[in-house]
Each structure stands twice: as structure tokens, then as C-alpha cells.
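Worksheet: one structure, shown below.
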Amino acid sequence: MSDAYTRQLNEDLLRPLLQTSWRFYLLVAFLGAIVAMGLGTWAWQMWNGFGVTGINNPIFWAFYITNFVFWIGISHAGTLISAILRLVNAGWRRPVTRCAEVITAFALMIGALFPIIHLGRPWLFFWLMPYPSSRLIWPNFRSPLVWDFFAITTYLTGSVLFLVLPMIPDFALVRDKTTGWRRRVYGALALGWSGTPKQWHRLESAMSIMAIAIIPVAVSVHTIVSFDFSMAPVPMWHSTMFGPYFVAGAIFSGIAGLIIAMAALRKFLHLEAYLHPLHFQNLGKLLLLMSLLWAYFVFAERLTIWYGNEPSEIVHHPLAPAAAHDHRLRHRVVRRGRRHVARALPDCGAVARPQVPALRLGRLPPAAGRDHDYDFDVRGDDAALRPVLEAGADYLDLGDEGGAASGARVGRGAGARRRVAGDARMSAVYALYPDGDSAQRAVNGLKAAGLSDEAITVIAGEPLEHHEFFETDKSTWMWYIASFGGLVGLTFATWLTRMTELAWPITTGNMPIVAWWPNLIIMFEMTMLFAILAAVLTLLVTAGLPGRRSAIYDPQVMDGKILVGVADPSDAAAVERALAVAGATVIKN
Amino acid sequence: MPKKWGLAVDLDRCTGCGACVTACHAENNIPTVGPEQAGRGRAMHWLRVERYWEGEFPDVRLKFRPVMCQQCEAAPCEPVCPTYASHHTDEGLNAQVYNRCIGTRYCANACPYNVRYFDFFHPQWPKPLHLQLNPDVSVREVGVMEKCTFCVQRISAAQIEAKANKREVADGEIKPACVQGCAAKALVFGDLNDPESEVARLARQPRGTKLLEDLGTLPSVTYLERQSHA
């Protein structure tokens, strides 16, 4: 672990950010063309009516909802896995997490698009939001689609924050390593991050809180997606196992998506040195586990249906005896058993089953030659959209939370003479140290010289463990504040749902006006959302973000140096002596 | 006592002529979709007549069952709607507010009777059907869900008329278009909460059945099952 190694690391990871080959622009143009085509066909669909999609009575949901379920499932790759690995403190997760979190954020954005594309009048999608409007009516909290809205909002907010917060130190790294407009843009994104122990500790606390909060939210999101299906009294959909079934499928497909994305990144960005076979092996084990779980659910579903032999359900069973169809027709069970296609592909396209024709109810001959032309375009859209978004995002993919660079940034050598940026009149004395031990000696020396903890500035490019001087400012109220935020969210949601239902006492489906079972879902989501927001707010306020960078700063901390210094020392010579004794070239200003 | 509107369908009387379907189209401004879309199964009949062949040839017989919105008491279509477009009225009707509908089509998924129809294309009334548009019924935009309302415009009109004359609505005074159009008098409409009304009397008959009763949707439409073997 040398200075040279750290520099090499930064260079490797920054390369795609600073150099863009023509292939990238070609890829963006190609995928962008597909996106444009998708937008065009969407406009065509809105202009002419939904009929152009080929969706037809009685199967009112089809590929848009399948895509929705698929992409929301893919989004479970990232934040969920990243959070679990963070909680169990799996060291190998570091190069994986940023990629996983990026997949989550963008897959969610794509997934959330589909229910809107799917609407008959998509320009009115915002009617799902409770807001004071001229319509004088608020949404129906008993509807699973409103649960979806709240769950996805919470999950998307949490996932984006989970992605962006640990990226702030990396933005600071780019800020220090670049010039020109990049320096300004990343400087703004870095929110004035310096890397003081306090900032690192607050970031760590916020990430732990979010990791804990995001796991139940992720589980709830796909459970609610499954509720879209299982709340309706439709044969095969109306199932109590759909929640876990969908969640297992989501994580399964999510890991698969992650492995594919990592393989592509490794190959095209030449990250062989950072994404090792070990990472693929470990993710492969997770994939195997989830596939077994998925297989178990599939078996449980098939066996129950087959054994139960209920007429409306058995006709959908792949092993259904031909007699089941006759049996059903003879008894004139008018219950439709259809939607088989949309439901058979909740998460995993591989488990395709032969489509059982929908019962026609003796009205019209089965539809022939549906115009599926538009299916292709809009379906292709999302697949094209994601790499575009991700290609952009990968440029920010710099050693997650300093993780890929973990241990590598500890450099050797001495500091350099620098002027404190920004304020020429301020006097400050600081030194750079190659490792934690010498920095510790410097801090001890300063304390011996009579300086208080507050007077000493410590800055590092990564969080340091096992060093006393880095243990300052560790205690925080953040956990309590987050819990309190959750309580506020719970109270707010309780009020929101109850007030809405009492203000618009509209009966639906013979349910009580204040329907607590559905309201609990909204209350859960708002609790989690507010807890996450409270934690993030605490982080920003206590870590001074956005704010001015620390008065003493040296970009060399990004190469693994540790800065120890004193601003406005009363006795500069004594400070200088203390710093020099610890083994650094003293910089004086 | 609030009204609870209901319908009784005597399957012994139904000849499957389809007059109710035509009357429904005329009354409720139901758009036509053209032969091509109808061939694809997109025809919009708020009320449809289902045919069932029973028995083996040559001993076969045909049974008709007019199916319209069953105006369920515990309707699966209502709670799933995010915008309250589909909801329950005080008079037991399963209302559909077209202006609130954003076209999620969730209600149609949840409906076990397949009686909800989606405007897949811009509605059209080829000449001379445009002259037949009923000013009492709003026309629906592309992308919304529509369905049988028990001719709520006629119910309201009769109630307003009765209120203006300071009297109650008489049994049999309100006739939805299908009831009015049925030559065989197979359809009877009225207030189920009035035990003396004809529809309540018919609904109490041992022949009375509900469609998919085991789903617990509590439909307001009663089918009087066939007895004759003609």
C-alpha cells in the first residue's frame, strides 16, 4: 500500500470520468434512439387510445404491469442487498454496493414509469396524490395503487439517499482531482465535505439507520406490488403467499441483474483489479439461495392448486387434466380464470407457462391477430433506458464510500507546503501524515502543548478505525432523532388517512369508512420515510453540509494522507514543533 | 328507509332477442367500436346476453342469461379504485364517476362478472347514430372505464318528479332502458328495501339465484332460474 498504489487506484476509478471514448457516445445515441422511439409510441398510444397496445378485455393488465413488477423486482438488487451486507458487516461488499445501489435507483425510476404509461389517462396520474386541489377529493387509501404510490415514494427517496450520501466524500475526491467545470460541479455536489472525524461518524450513523430502515421498506414495496394482484378476487391471484413469493422473486432477479451489470462494468471499464472472482462467487451463492427459495414457492403454489382441485384455479395448472376444462364448462362456472399471462410472469421470465386461453363467456369469437406491434417498442424502451441512465451514473462510481479504496489510500511520505485555500489572511499550521499512528502522535503532541480537542483539526480521506484521535464527536442523538421522526411520520399518516376517510366518507366495497387494515400500510411507509428523512437531516445539520469546507484543507488527504493542524494558533512555533516531532514535514502559513 | 335498487331477471321468460342490449346502447350513449374491434372482443355492451348450450345433440337446448353490472353490495371493484371513481351510493348503486377515472383498469380486473368496459379508442357514433345521443347521459372520453348504471339518470328523474309532486316513487314507475325494452317482460326493476315491491317479491322466490354467489359480493340482481324444459 503505497502512495503510488493510491494514486493508481484514483486514476483507475477516475478514468471513465475524465476520458470518454466515441463508443460511449455511440452507445448513448443508440439507446437514446430507442428511448425516443418509445416516447414516440407512447405519444401515439395516448393520441389514439389504449387500444393500440393490443391489450384487450378481459385481460386489462398486461406487459406494462409485467414490466412494472419486473423492474421493481430488479430494484431489490441494490439497496436491499447493500443494506443487508452492511448490517452483517461483510467486507467483500464494498466494490459491489455502489453498483447495486445505482441499479436500484434507476430500476425504480423505470419501474415507477410503467404504472403511469399503463394508465388510460396518464396525464392525470397525479390524482393519486393527496393535495389541496380544485377537485376537492383525496385518494382512496383502501386502493392498493395508493399503497404502491406511498411505498414507491418511500423506497425511491430512501434508495436515492442511500446512494447519494456515501457518494459525497467521493464527490469531494473528484473535486480535488479535477479542474475547470468539473471542479465546480463536483465541488457543489460535495456540499463542502472536508472529511473531519465528525463528518465521517455522522455519515456512518446515518447509513446504519438507513440500512435498518430500508430493509423492511424494500420487503414492503414488493409485497405491496403483489397486493395489486392478490387483493382482487381473481383465481390464482387471490393468494396469501403472494407477498413473500414476489419478494423472493424480486431479490432473485435483482441479484441476477447485479451480476450482469458487474460483469459488464468489469469488462468495459477494466476494473478487473477491483471486482474479483470472489465477488461473483459470493453473489452466485446468494443467487443460488434465492433460486431455491423461489423454486420452493413455485412448488408450494403448484401443489396447493393441483391438490385443491378447485375448478376456477385448476384450469390454470400446467398439469391440469384435460377433463378439468370440460368439467369447468359443464358446470358453467362463469368465473373468469384469465390474466394467466400477466400473473405467471411476476418476476422471472424464465418461468413462462403455456397460456391458457381466457374463458370467452360465450360472447364473441376469440380475438384474432391482435396488434402487438407497439408492445415491442415500449418494452424495448426500458431496457434501453437503463443503460443510458447507468452509463451516466457509472461515471460517479468511485470506490464506494471510500470502500474500494479501503486501506489503499494510506500513503507514505511527507506533507507539502500549501497555503490554506480561500483565506489568505488566516494563519494556520498543519501537517500531513502517512498513517494513523503518526497522526496520533501529532495529536498527542498538540494536546501536550496545551491545545484542546476543539482547536485541533483532523481530516482524512476515509474513516479511520482504532485510533483514539479519530474517536472524537462520535456520540450522536441521531438514533433518537430518527426514531422521533418515525413517530412523527406515524402520527402524520394516522391523521392523514383517518382525516381523509372521515372528510370524504365514501363507502367502497362494504368496508368501514375508517379502514384500519389498509391504513396500516400507509402508516408504515410514512413512519419509515420520516425516520429516514430525520436521520438524513440530522446528518446534514450536524456535519455542516452543505457548508464551507474546513478552514484547513489539503487535497492530498485524497491520496491517503491524514491532516492534523491548528487554525489561528496562538503559539505557532510550539504547534509546529509538536507536529514535526510526530514525523511530518510541517507546513506553516 | 333508503332505497336499494335491484333487478330481477326471469330466465324462463328471456328469449335472447337482444332488445335490452339495443335499448341500453341507445339510452346510455354507448359508443360503437366498428366490426374490426368488435371482432377483437372490444365491443362495449353494458348489458350482454350470454348463450349456453346444454345437453348432447340432438337433445340440446339453449339458455340465455342477460348479464349486466350486478350492483354488488360488497363490490370488489370499488375499494381498488385509487380515485373513488368507483364507489357505492346511498341507494345501493355501484356508481362510476367518469371524470374521476384515470384508467387504471383495476376495477375491471377485480370484477368477477366482466361487466366493466374500457374506452380503448375515441368513442364514435357513425351516422345516423349521432342523432340518437341522449342529452341526459354524459359521453365518455378515451381511457376511462364505464359500465351499467341501472340507468341512474332515469332513477334521478323519477325521484325529482316525485319530489316535485310531493309523493313517493311508485313501484314500477322507474324503468331502466333494458326493462322498458324487454318485450317478454323478463326484467323487473324496483326497490329491494320495499318488501311489497314486485322485484322484492321475485327476489324472494325459491327460483332466485345470484351470479357467483359464493364470492360474497352480494349482488343486487336476482336471476330466476329456468324451470320449463321447453
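Just so it is clear, the model here is predicted, and its values are computed rather than measured. Just so it is clear, the values below take in all heavy atoms, side chains as well, and ignore hydrogens, waters and symmetry mates. In what follows, chains carry the letters A, B, and so on, assigned in the order in which the sequence lines appear, proteins first and then strands, with residues in each chain numbered from 1.
Chain A forms more heavy-atom pairs under 4.5 Å with one residue of B:Asp90, B:Asn99, B:Leu218 than with any other, namely B:Asn99. Among B:Ala95, B:Gly143, B:Pro79, the residue making the largest number of heavy-atom pairs under 4.5 Å with chain A is B:Pro79. Annotation: maximal heavy-atom pairing with chain A below 4.5 Å, among B:Arg105, B:Glu141, B:Met145, occurs at B:Arg105.
Minimum interatomic distance between A:Ala232 and B:Tyr106 (heavy atoms only, all atoms of both residues): CB-CE2, 4.4 Å. B:Cys101 and A:Leu124 get closest at one heavy-atom pair: O-CD1, 4.5 Å. B:Val144 and A:Arg121 get closest at one heavy-atom pair: CG1-NE, 3.4 Å.
The aromatic ring centroids of A:Trp138 and B:Tyr84 lie 6.0 Å or more from each other.
Neither the backbone nor the side chain of B:Thr217 has a heavy atom closer than 4.5 Å to any heavy atom of chain A. Using a 4.5 Å cut-off between heavy atoms, A:Phe227 touches chain B through its backbone atoms (N, CA, C, O) alone. Both the backbone and the side chain of A:Asp228 come within contact range of chain B, with heavy atoms under 4.5 Å apart. Only the side chain of A:Ile137 comes within less than 4.5 Å of a heavy atom of chain B; its backbone N, CA, C and O stay farther away. When heavy atoms are compared at a cutoff of 4.5 Å, A:Trp147 does not approach chain B at all.
Between A:Val52 and B:Phe121, the closest side-chain pair of non-hydrogen atoms falls below 4.5 Å. Between B:Val142 and A:Asn48 the shortest side-chain heavy-atom distance does not fall below 4.5 Å. Considering only heavy atoms from C-beta on, B:Cys81 stays 4.5 Å or farther from A:Ser143 through its side chain. Taking the side chain as every heavy atom from C-beta outward, B:Arg42 and A:Asn56 approach each other to under 4.5 Å. Taking the side chain as every heavy atom from C-beta outward, A:Pro58 and B:Asn114 approach each other to under 4.5 Å. Under the 4.5 Å side-chain criterion, counting only non-hydrogen atoms from C-beta, A:Trp237 is in contact with B:Asn109.
Side-chain atoms of A:Thr508 do not come within 3.5 Å of backbone N or O of B:Glu78 as any donor-acceptor pair. A donor-acceptor distance shorter than 3.5 angstrom exists from the side chain of A:His118 to the backbone of B:Thr104, with no hydrogens or angles considered. A:Asn510 places no side-chain N or O within donor-acceptor distance of the main-chain N or O of B:Ala75, the cut-off being under 3.5 Å. Proximity of a side-chain donor or acceptor of B:His122 to a complementary backbone N or O of A:Trp47 within less than 3.5 Å is detected.
Figure legend: cation-pi geometry between B:Arg116 and A:Phe60 absent, as NZ or CZ is not positioned both under 6.0 Å from the six-membered ring centre and within 45° of its axis.
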For this session: In sequence, state the C-alpha distance, the side-chain angles, and the governing distance for A:Asn57 and B:Tyr117, and then conclude on side chain to side chain contact (heavy atoms under 4.5 Å, CB included).
Result: CA-CA 8 Å; A:Asn57 179 15; B:Tyr117 295 90; 3.8 Å; yes
